[in-house]
Amino acid sequence: MNTLLAFYHQLLACYGPQGWWPLLDPPGESPSQSGSRGVYHPGNYDLPATPGQRFEICLGAILTQNTAWRSVEKALINLQQMKALRPEGLEAIDESLLKEAIRPSGYFNQKAKKIRTFARFFLALEERTPSREELLALWGIGPETADSMLLYAFKVPTFVVDAYTRRVLIAAGWIGGTESYDAIKSMFENQLPRDLALFQEYHALLVEHAKNLRGSRQE
DNA sequence: AACCAGGACGTGA
DNA sequence: TCACGTCATGGT
């Protein structure tokens, strides 16, 4: 039997579809209605539906590096209000305004440079799907950010590994903890059917489960 | 009041 | 290659 696939079904039965990646204003809801908060879309694996939503997910992937999502939402909303949640707007915005907008998400000096670098790259793409190597070559985009963009923004079935993933696997006794990013990524990709919805949902479920593990311990 | 949050880069060994 | 310091704000 397949341990990782069986575990996925357990998690799904326990928590249900998570609806990643959250968007500020998905189709069907006005921005004011979303109450300035990311909207999840459980069971819908067709998003993003527009280049704008795709770009929003990519920026979120950068801004959430070692940062709580709640802080990222503030930054995304600020950018949206400054009309800089588009690559053209980002290219035009003043440096100090940009940093002020993303300040709540932390590391604002580095992240300002990162999202500017990415905005230029995104424009040059012209709707094409980038390769993992192209993304990794950009300053500020490491393995997890690249995989998050590919999986949730560009709909490429590649598995995302993060701190939560490691925590769950360690708690289950399936890894020691010193394994490399790519080693853990390969574990999943070698044992699971390469399916977009499965990969998207699995990572989201691992995050939810890891948060529950932490919550049961203390806090 | 330390500690962590949906990491990545620069450096030295 | 790899361990370690740095980056920064916000919530618990």
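Side-chain atoms are counted along with the backbone in the values below, which use heavy atoms only and exclude waters and symmetry mates. Every chain is numbered from 1 and lettered A, B, ... according to where its sequence line falls, protein lines coming before strand lines.
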If the test is side-chain contact (heavy atoms from CB on, under 4.5 Å), which one of A:Leu196, A:Asp147, A:Thr129 qualifies with A:Val156?
A:Thr129
When you group the ILVMFWY residues by side-chain heavy-atom contacts below 4.5 Å and let the links chain together, are A:Leu136 and A:Phe121 in the same group?
no
Taking the nucleotide of DNA chain C with the closest heavy atom to each, which residue, A:Asn66 or A:Arg70, is nearer the 5' end?
A:Asn66
Would you mind classifying the nucleic acid contact of A:Leu138 as base, sugar-phosphate or nothing, using non-hydrogen atoms under 4.0 angstrom?
sugar-phosphate
5′-ward residue of the pair A:Tyr152/A:Lys113 relative to DNA chain B
A:Tyr152
In this structure, how many angstroms lie between the P atom of B:dA8 and the CZ atom of A:Phe118, rounded?
14 Å
Tell me what A:Tyr107 touches on the nucleic acid: a base, only sugar-phosphate, or nothing, going by heavy atoms under 4.0 Å.
base
Tell me what A:Glu144 touches on the nucleic acid: a base, only sugar-phosphate, or nothing, going by heavy atoms under 4.0 Å.
sugar-phosphate
Quick check on the 6.0 Å ring-centre criterion: do A:His209 and A:Tyr15 meet it?
yes
Which one, B:dC9, C:dC7, B:dA8, comes nearest to the side chain of A:Thr145?
B:dA8
Spacing between A:Asn109 atom CG and B:dC9 atom P, to the nearest angstrom:
16 Å
In whole Å, what is the span from the OH atom of A:Tyr181 to the P atom of B:dC9?
13 Å
Whole-Å gap separating P (C:dT9) and CD1 (A:Ile62):
19 Å
Under 4.0 Å, counting only non-hydrogen atoms across every strand here, what does A:Ile141 touch: a base, just sugar-phosphate, or nothing?
sugar-phosphate
In whole angstrom, give the distance that lies between atom CE of A:Met149 and atom P of B:dG7.
13 Å
Phosphate oxygens OP1/OP2 of C:dG10: is one of them under 4.0 Å from a side-chain N or O of A:Thr67?
no
Please work out if A:Trp20 contacts a base, only the sugar-phosphate, or nothing of the nucleic acid, heavy-atom cut-off 4.0 Å.
base
A:Asp147 CG to B:dA8 C1': how many Å, rounded?
14 Å
Give me the distance, rounded to whole Å, that separates B:dT11 from C:dA8 when you measure between the P atoms they each carry.
16 Å
Kindly say if A:Arg167 contacts the phosphate of B:dC4, meaning a side-chain N or O under 4.0 Å from OP1 or OP2.
no
For A:Gly142, report the nucleic acid contact type (base, sugar-phosphate, nothing); a contact means any heavy atom under 4.0 Å.
sugar-phosphate
Please report the distance, rounded to the nearest Å, between CG in A:Leu136 and P in B:dA8.
9 Å
Between A:Val160 and A:Glu144, which heavy-atom pair has the shortest distance, and what is it?
CG1-CG, 3.9 Å
Would one find a side-chain N or O of A:Trp69 under 4.0 angstrom from OP1 or OP2 of C:dT9?
no
Looking only at the aromatic ring of each residue, does the gap between the centers of A:Phe199 and A:Phe188 stay below 6.0 angstrom?
no
Closest of C:dG10, B:dG7, C:dT9 to the A:Lys74 side chain is C:dG10
Is the distance between the ring centroids of A:Trp21 and A:Trp69 under 6.0 Å?
yes
B:dC4 OP1/OP2 closer than 4.0 Å to side-chain N/O of A:Lys211:
no
What's the CG-P distance between A:Leu213 and B:dA5, to the nearest Å?
12 Å
Between A:Trp21 and A:Gly140, whichever has its closest DNA chain B nucleotide further toward 5' is A:Trp21
Separation between the P atoms of B:dA1 and C:dC7, rounded to whole Å:
24 Å
